[in-house]
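Data block below; observations after.
Throughout, protein chains are lettered first and strands after them, A, B, ... in sequence-line order, and every chain is numbered starting at 1. As a basis for the values below, the full set of heavy atoms in this structure was taken, side chains included, without hydrogen atoms, waters or symmetry mates.
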Amino acid sequence: DTGVSQDPRHKITKRGQNVTFRCDPISEHNRLYWYRQTLGQGPEFLTYFQNEAQLEKSRLLSDRFSAERPKGSFSTLEIQRTEQGDSAMYLCASSLAPYGYTFGSGTRLTVV
Amino acid sequence: GEDVEQSLFLSVREGDSSVINCTYTDSSSTYLYWYKQEPGAGLQLLTYIFSNMDMKQDQRLTVLLNKKDKHLSLRIADTQTGDSAIYFCAESRPTGGSYIPTFGRGTSLIVHP
């Protein structure tokens, strides 16, 4: 097992474009989390899946953001009509139990 | 105010002990964590402690929890230059059956020779 994988590592996009990120959790982990981190801040929670069910969504997750986890395996996070304020590191984490979360290396998004 | 608060910077000399402090607001916090983040990388779980414990030791790391004061600390013994990183305190509590970690802003640890 190679841990939590995120793809791509970096993404530069023009304002108004749509972007999609992928997260592959540790295979036996049924819990999956998305966080966003901006410079000088701690990670901020976006959304949480248990298996394929999206159980929690933060108010940070505007209607331009959507996340899926089909079949309870990998997950995707899509941002539509990107804005400069969306520039951040997007982190994915997974866990089997409600503790001991393993984070991926993140996808750094730059909106120009 | 913030749910989890940490001081932003700590500077220590190589070989000394480092103590990073954290306070949290919610007495129902069940799990408390320390994560390490190196530049450009994701977060690495260093250790976690259940709220019914008051201390946990793992090699050079010692975590102390004062539940009454809602205070958590991480002590790194014999600090090395490789320990330079940002350290995040986090807590999680049951919310509708989920445990969603809430992070502080991080403490930047600088280790100088």
Side-chain angles (χ1 to χ4, degrees), chain A residues 2-10 21 23-26 29-51 53-61 67 88-110, chain B residues 1-9 20 22-26 28-53 56 58 63 65 72 85-108:
Chain A
T2 56
V4 178
S5 299
Q6 291 190 247
D7 185 68
R9 289 296 308 275
H10 304 275
F21 311 138
C23 171
D24 286 273
I26 292 172
H29 286 184
N30 60 340
R31 300 166 190 252
L32 187 146
Y33 309 78
W34 284 99
Y35 281 80
R36 180 172 72 186
Q37 186 180 22
T38 53
L39 198 62
Q41 301 294 321
E44 295 173 297
F45 169 71
L46 293 178
T47 191
Y48 160 65
F49 289 86
Q50 186 161 329
N51 300 310
Q54 187 173 21
L55 297 184
E56 297 281 345
K57 287 170 64 173
S58 162
R59 284 171 293 177
L60 292 175
L61 211 67
M89 175 81 87
Y90 289 84
L91 294 164
C92 176
S94 71
S95 70
L96 186 57
Y99 51 85
Y101 313 87
T102 302
F103 278 82
S105 298
T107 293
R108 181 169 294 285
L109 173 66
T110 303
Chain B
E2 299 285 334
D3 291 340
V4 180
E5 292 197 1
Q6 307 176 236
S7 53
L8 295 183
F9 298 99
I20 304 172
C22 168
T23 56
Y24 58 97
T25 57
D26 199 313
S28 64
S29 295
T30 306
Y31 303 99
L32 297 122
Y33 313 86
W34 285 104
Y35 279 87
K36 176 183 180 183
Q37 187 176 38
E38 298 187 59
L43 278 74
Q44 174 195 353
L45 176 65
L46 291 177
T47 187
Y48 63 89
I49 189 169
F50 296 109
S51 59
N52 62 356
M53 299 167 66
K56 183 176 182 181
D58 184 3
V63 178
L65 173 61
L72 183 74
I86 301 176
Y87 290 79
F88 290 96
C89 172
E91 61 86 22
S92 65
R93 66 192 93 118
T95 308
S98 308
Y99 289 77
I100 309 294
T102 300
F103 287 82
R105 290 182 62 186
T107 299
S108 184

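- Looking only at side-chain heavy atoms (C-beta outward), A/Y101 and B/Y48 stay at 4.5 Å or farther from each other.
- Taken from CD in B/E38 to OG in A/S105, the straight-line distance is 11.0 Å, to the nearest 0.5 Å.
- Around the CZ atom of B/F50, the shell of radius 6.0 Å holds more than 12 heavy atoms that belong to other residues, nucleotides or ligands.
- There is no contact between B/Q6 and chain A, counting heavy-atom distances below 4.5 Å.
- Legend: residues meeting side-chain contact (heavy atoms from CB on, under 4.5 Å) with B/D26, ordered by chain and number and at least two apart, are B/S28, B/S29, B/R93.
- Summarising the geometry of A/P43 relative to B/L43, their closest heavy-atom pair is CG-CD2, 3.9 Å, with the distance given to 0.1 Å.
- Contacts of B/P101 with chain A are made by both backbone and side-chain atoms, with heavy-atom separations under 4.5 Å.
- The six-membered or imidazole ring of B/F103 lies near that of A/Y35, with a centre-to-centre distance under 6.0 Å.
- Separating the CZ atom in A/F45 from the CD1 atom in B/I100 is a distance of 4.0 Å, to the nearest 0.5 Å.
- Between chain B and the residues A/C92, A/G42, A/G40, A/A93, the most heavy-atom pairs under 4.5 angstrom are made by A/G42.
- Between A/F103 and B/Y35, the gap from one ring centroid to the other is short of 6.0 Å.
- The 12-atom threshold is not exceeded at NZ of A/K57, counting heavy atoms of other residues, nucleotides or ligands nearer than 6.0 Å.
- Contact of A/Q37 with chain B is made through the side chain alone, with heavy-atom distances under 4.5 Å.
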